[in-house]
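Heads up, the thing below is written out as structure tokens.
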Amino acid sequence: MGVYSAKLEFIPAAPQWTFPATVEQAQSLGEEFILFLKNYALVYWTKTSWFQFSKDLLFAYVFTKILRLVLQYLKGYGLLAGIRAVYGYALRSVFNFVLSLPPIKRKVDAEISQTRAKIESALLVSDAGIPDFTELPAKGLPTDKVYELLDKLNDIKHSDWKHGRISGAVYHGGDELIELQSKAYHQFSVANQLHPDVFPAVRKMDSEVVSMTLHMFNAPETGCGTSTSGGTESLLLACLSAREYGKKYKGITSPEMVAPESIHAGVFKAASYFGIRLHLAPLDPVTFKVDLKAVKRLVNTNTVLILGSAPNFPHGVIDDIEGLSKISTRWGIPLHVDCCLGSFIVANLTKAGFKDVPLFDFRVPGVTSISCDTHKYGFAPKGSSVIMYRNNKLRECQYYISTEWMGGLYGSPTLAGSRPGALMAGCWATMVNIGQEGYVNYCREIVTAARRLKDAITNEIAELDVIGDPIGSVVAFKSNLVNVHQLGDKMGAKGWHLSALQKPPALHLAATNLSIPIVEELISDLKASVEELKESGSEKDKGDTAALYGVAGNVQTGNVADRIISAFIDTLYKV
Ligand SMILES: *Cc1c(COP(=O)(O)O)cnc(C)c1O
């Protein structure tokens with residue numbers, strides 16, 4: 001304190017210090033120093049106005065806050081990363097400025113509108129037989145006319161998901177299951193979980209879906225959870241409840257989370273929506289699991305949640321959850337495991353006979369919450385997921401409760417208000433229809449297909465390298481010899497939709513039920529595409545994905561990638 005008033009003249013002169021030669025000298029020097037501080041404090045206290053005092057207090061508060069942030073940053077990331085961050089920031093500012101100069105801006109704008117046009121021509125389909133409805137038809141169409149239009153809409157050319165040439169997206173696709181889900185949906189089409197008294201059956205199914213999932217993830221007796229609209233909502237709620245838990249039980253008002261760099265974007269979204277600072281811990285360069293030492297450094301007294309994935313979206317790699325649990329229990333911090341993608345695959349790997357599956361669920365003592373997407377490898381209709389907690393103290397923290405609302409006493413377990421009971425009926429029907437044995441068999445078949453792909457890439461395609469050691473359904477690969485995003489575009493031309501990844505550039509396939517019969521075809525197309533790329537040379541074949549990721553990874557292009565993504569989203573609602 002008092003930094004401000006240091007410029008005032010009345011402060012006592014500091015004693016003349018020389019290096020103490022004896023213990024006595026050191027003692028008297030110490031006493032002298034304490035006396036100096038006392039005098040200083042006394043003079044400061046008597047001579048300082050309240051106004052000055054408040055100013056000093058404010059200054060000291062802001063100063064220690066900033067100092068703390070800087071120290072925490074240095075502890076978490078190191079000096080080099082700090083310098084790099086400042087340098088990167090400066091560089092981006094310079095390029096953003098250059099890009100905002102009128103002649104250059106005009107050029108960039110022109111290119112973006114070209115890209116926008118390209119996106120629109122790719123996404124907007126027009127068909128002579130299907131009218132466009134930009135406003136309500138003045139008179140409703142007769143039902144058979146609507147049926148007819150629906151058939152036509154269903155016939156519009158789309159990606160070939162039925163033949164499995166797509167990563168993830170459709171996880172089962174079996175006709176019988178679709179029939180069952182449609183019937184369930186039909187029966188409960190008006191149901192709403194917001195009104196359990198009106199729709200008691202949906203409440204029952206909902207609670208059973210959560211219970212069956214908890215059981216699959218070895219939850220203790222106290223385990224509980226809620227269903228949600230999808231993986232992102234489950235992640236949002238895990239982060240929200242951790243934030244509220246930190247506030248309620250530890251008084252944390254500047255919440256932070258620590259997650260692997262490979263964590264799902266839903267966690268970035270949660271950080272952004274809920275004002276939680278997200279620290280990303282780097283991955284081990286060989287295993288691609290999160291670097292535990294980095295996690296340890298990034299944890300501090302504001303940390304409300306540590307996260308890991310089992311497995312992560314980009315590489316299908318399972319983080320060392322037991323290692324994370326050691327850190328989280330040491331500091332009493334909640335630990336979330338994202339099993340959205342792993343879902344019913346990761347939970348059944350051991351039962352399906354696969355060896356060396358690490359522990360990742362509630363059997364690990366530090367794990368406090370798990371998200372699991374029933375709409376992925378649970379094969380439920382899209383729009384369902386489960387968020388699970390070790391106990392109700394944590395789950396309560398995600399509830400929204402208001403006793404003040406004019407519309408009456410209000411409480412809701414998740415982000416949504418009204419919720420589609422029909423989807424829950426579809427999910428429940430799917431789970432009881434497939435059953436434990438069914439899921440184990442699906443797990444065995446899907447993972448066997450993924451392992452065939454992994455082995456083929458490792459042993460038969462020298463140009464490609466599998467990332468880490470994925471043990472589930474997702475296999476990612478990179479290359480030092482060919483541009484993998486160009487490879488993705490080449491595969492796209494052959495009808496395959498592999499997901500593009502970055503940092504490092506890579507592609508992945510999330511194998512599904514539909515991938516099983518076509519793995520060999522995928523492998524041979526991959527081999528052929530690699531050969532084509534090598535023959536044609538990389539420059540000639542700059543495809544769209546390769547170009548876009550080139551832009552995204554480049555500081556010189558400023559926020560162009562953001563603008564292209566915005567343009568893409570705009571297009572979703574263009575009629
Ligand atoms: C799919 C996925 C999610 C959630 O995604 P939604 O599209 O919202 O269902 C979360 N984490 C991982 C690892 C995922 O793969």
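Indexing begins at 1, ligand by ligand and atom by atom, following the structure's order.
Around NZ of Lys503, the count of heavy atoms belonging to other residues, nucleotides or ligands within 6.0 Å does not exceed 12.
Set against the non-hydrogen atoms of Thr232, the atoms of ligand 1 under 4.0 Å away are 4 (C), 5 (O), 6 (P), 8 (O). Within ligand 1, counting atoms from 1 as listed, the ones closer than 4.0 Å to a heavy atom of Leu235 are 10 (C). Heavy-atom proximity to His375, at under 4.0 Å, picks out these atoms of ligand 1: 9 (O). In the vicinity of Lys376, heavy-atom distances shorter than 4.0 Å reach the ligand 1 atoms 1 (C), 2 (C), 3 (C), 4 (C), 5 (O), 14 (C), 15 (O). Residue contact check: Asp338 has heavy atoms under 4.0 Å from atoms 10 (C), 11 (N), 12 (C), 13 (C) of ligand 1.
Residue Gly231 has at least one nitrogen or oxygen atom sitting less than 3.5 Å from a nitrogen or oxygen atom of ligand 1, judged on distance alone. For Asn312, no nitrogen or oxygen atom sits less than 3.5 Å from a nitrogen or oxygen atom of ligand 1, counting backbone and side chain alike.
The only member of Asp284, Asp319, Leu324 that meets side chain to side chain contact (heavy atoms under 4.5 Å, CB included) when paired with Leu292 is Leu324.
Residue contact check for ligand 1: Glu233 places no non-hydrogen atom closer than 4.0 Å to it.
A salt bridge does not link Glu322 to Lys326: none of the charged nitrogens lies less than 4.0 Å from a carboxylate oxygen. Using a 4.0 Å cut-off between a side-chain N of Lys or Arg and a carboxylate O of Asp or Glu, Asp291 and Lys293 do not qualify as a salt bridge.
Taking both residues in full, the closest heavy atoms of Ala352 and Cys443 are given as CB-SG, 3.8 Å, listed atom of the first, atom of the second, then distance.
Under the 3.5 Å distance criterion, the side-chain polar atoms of Ser325 are left unmatched by any main-chain donor or acceptor of Ile321.
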